[in-house]
Amino acid sequence: MAMDICVCVKRVPGTGSTILLTDDGMNVDTRHLGFTIGPHEECAVEEAVQIVTAHGGSVTVLTAGPPEAEEQLRYALSLGADRGVLIDTGPEELDAEQTASALTQAIRQLESGGSRFDMLLFGNESADASHYQVGIRVACALELPMVGGVKGIQIDEAAGTLDLRRDAAGGIEVYRTPLPAAVAVAEGLNLPRYPSMRGRLRAMKARLDTVEVQLEPGGLRKRGLRRPAEQGSQTVMLGTGPEAADAVADVLEELGVV
């Protein structure tokens, strides 16, 4: 059973980046930032590539963002995806409602052009805004079953269904859903690979497709941004040599080690 999969990703600041704001406090200052896709979405790309390797089919990676988001599409291609599609939405940040609308329109266009996706994969939440909304909104708009927080995917080819596992308090939840379906995966689903040199070269030469959509008004109104207070750490010297032994023993006792 060949699986054609669409993975939706987002261009976000690199993990661990120092985030600065513009002087008016309304936007993130991106002049010195590096960008990537979030860890949940990286696992989604890896899972799609693994599924297609095992079952056949193709992996399309779709993103809504500025033209610079081509970098993230090419990164996904270097990991083994087959096709990259950009929805050029300009430099302004979209909220979850706008993003979901753009992705929904693009998926409908791609499917009307001959593609038919058996599965839509999303990251459980974006690494920057963490709205937890986009995958759910797209699934509802396309009338697809949706499960989030997934850390295990098994395909029953004979039945045409998915078994989806996610962690729960005190155990594991397992859901069975028919295909096509939408799935939001969480970090830890797999171990994403590093792009090979061959993959990087293929991605550099690959042609990216573009889709035009009608941007709709979002539901959020930005009033301003602020940076949280810095959380520093302090190192306390317990001593050196034998005189530190008592202090180390006290710390270990506080931690319950001894």
Go through Gln72 and Phe35 one step at a time and tell me if the side-chain contact (heavy atoms from CB on, under 4.5 Å) criterion holds.
CA-CA 8 Å; Gln72 282 63 56; Phe35 287 85; 3.8 Å; yes
[X] and [Y]: which non-hydrogen atoms are nearest, and at how many Å?
X	Y	result
Pro66	Thr89	N-OG1, 4.3 Å
Leu189	Gly152	CD1-N, 3.3 Å
Ala181	Leu162	CB-CD1, 4.1 Å
Pro13	Thr36	O-CG2, 4.0 Å
Arg116	Pro180	NH2-CG, 3.9 Å
Ile136	Met146	N-CE, 3.9 Å

Between Arg166 and Ile172, is the side-chain contact (heavy atoms from CB on, under 4.5 Å) condition met? List the steps.
CA-CA 6 Å; Arg166 70 179 186 182; Ile172 295 173; over 6 Å; no
Taking atom types as modelled, find out whether [X] and [Y] have a side-chain donor-acceptor pair closer than 3.5 angstrom.
X	Y	value
Glu46	Asn190	no
Gln109	Gln105	no
Glu125	His131	no

A side-chain contact here means heavy atoms from C-beta on lying under 4.5 Å apart; do Glu71 and Arg74 qualify?
no
Hey, does the side chain of [X] reach the backbone of [Y] with a donor-acceptor pair shorter than 3.5 angstrom?
X	Y	result
Arg11	Ala64	no
Ser78	Tyr75	yes
Arg221	Gly218	yes
Thr63	Val9	yes
Asp4	Ser58	yes
Arg202	Leu77	yes
Glu111	Phe117	yes
Glu70	Leu208	no
His40	Asn124	no

Test: Asp209 and Arg83 ion pair at under 4.0 Å:
yes
Flag the pair Arg165 and Asp163 as a salt bridge only when some basic side-chain nitrogen lies within less than 4.0 angstrom of an acidic carboxylate oxygen.
no
How about Glu68: does its CD atom have over 12 heavy atoms from other parts shown lying under 6.0 Å from it?
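Atom CD in Glu68 is crowded, with more than 12 foreign heavy atoms closer than 6.0 Å.
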Would the number of heavy atoms belonging to other residues, nucleotides or ligands and lying under 6.0 Å from CD of Glu173 be above 12?
yes
Do any pairs count as a side-chain hydrogen bond (donor to acceptor under 3.5 Å, both in side chains) and have a residue in residues 137-151, sequence neighbours left out, and if so which ones?
Gln133-Arg137
Tell me, with the steps shown, if Ile107 and Leu62 meet side-chain contact (heavy atoms from CB on, under 4.5 Å).
CA-CA 9 Å; Ile107 291 168; Leu62 175 65; 3.8 Å; yes
Working to the nearest 0.5 Å, report the span between [atom1] of [X] and [atom2] of [Y].
X	Y	atom1	atom2	value
Asp24	Thr22	CG	OG1	4.0 Å
Arg193	Gln50	CZ	CD	6.0 Å
Thr161	Asp156	OG1	CG	4.0 Å
Glu216	Thr104	CD	OG1	9.0 Å
Thr210	Leu86	OG1	CG	7.0 Å
Leu255	Asp250	CG	CG	11.0 Å

Do [X] and [Y] sit in one hydrophobic cluster, given that two such residues count as connected whenever their side-chain heavy atoms are within less than 4.5 Å of each other, even indirectly?
X	Y	answer
Ile153	Val147	yes
Ile37	Val138	no
Val85	Leu142	yes
Val61	Leu103	no
Leu164	Leu144	no

Salt bridge (Lys or Arg N to Asp or Glu O under 4.0 Å) contacts in which one or both residues fall within residues 88-99, not counting sequence neighbours
Lys10-Glu93
With Val45, which of Leu79, Ile5, Leu121, Val59 fulfils side-chain contact (heavy atoms from CB on, under 4.5 Å)?
Leu79
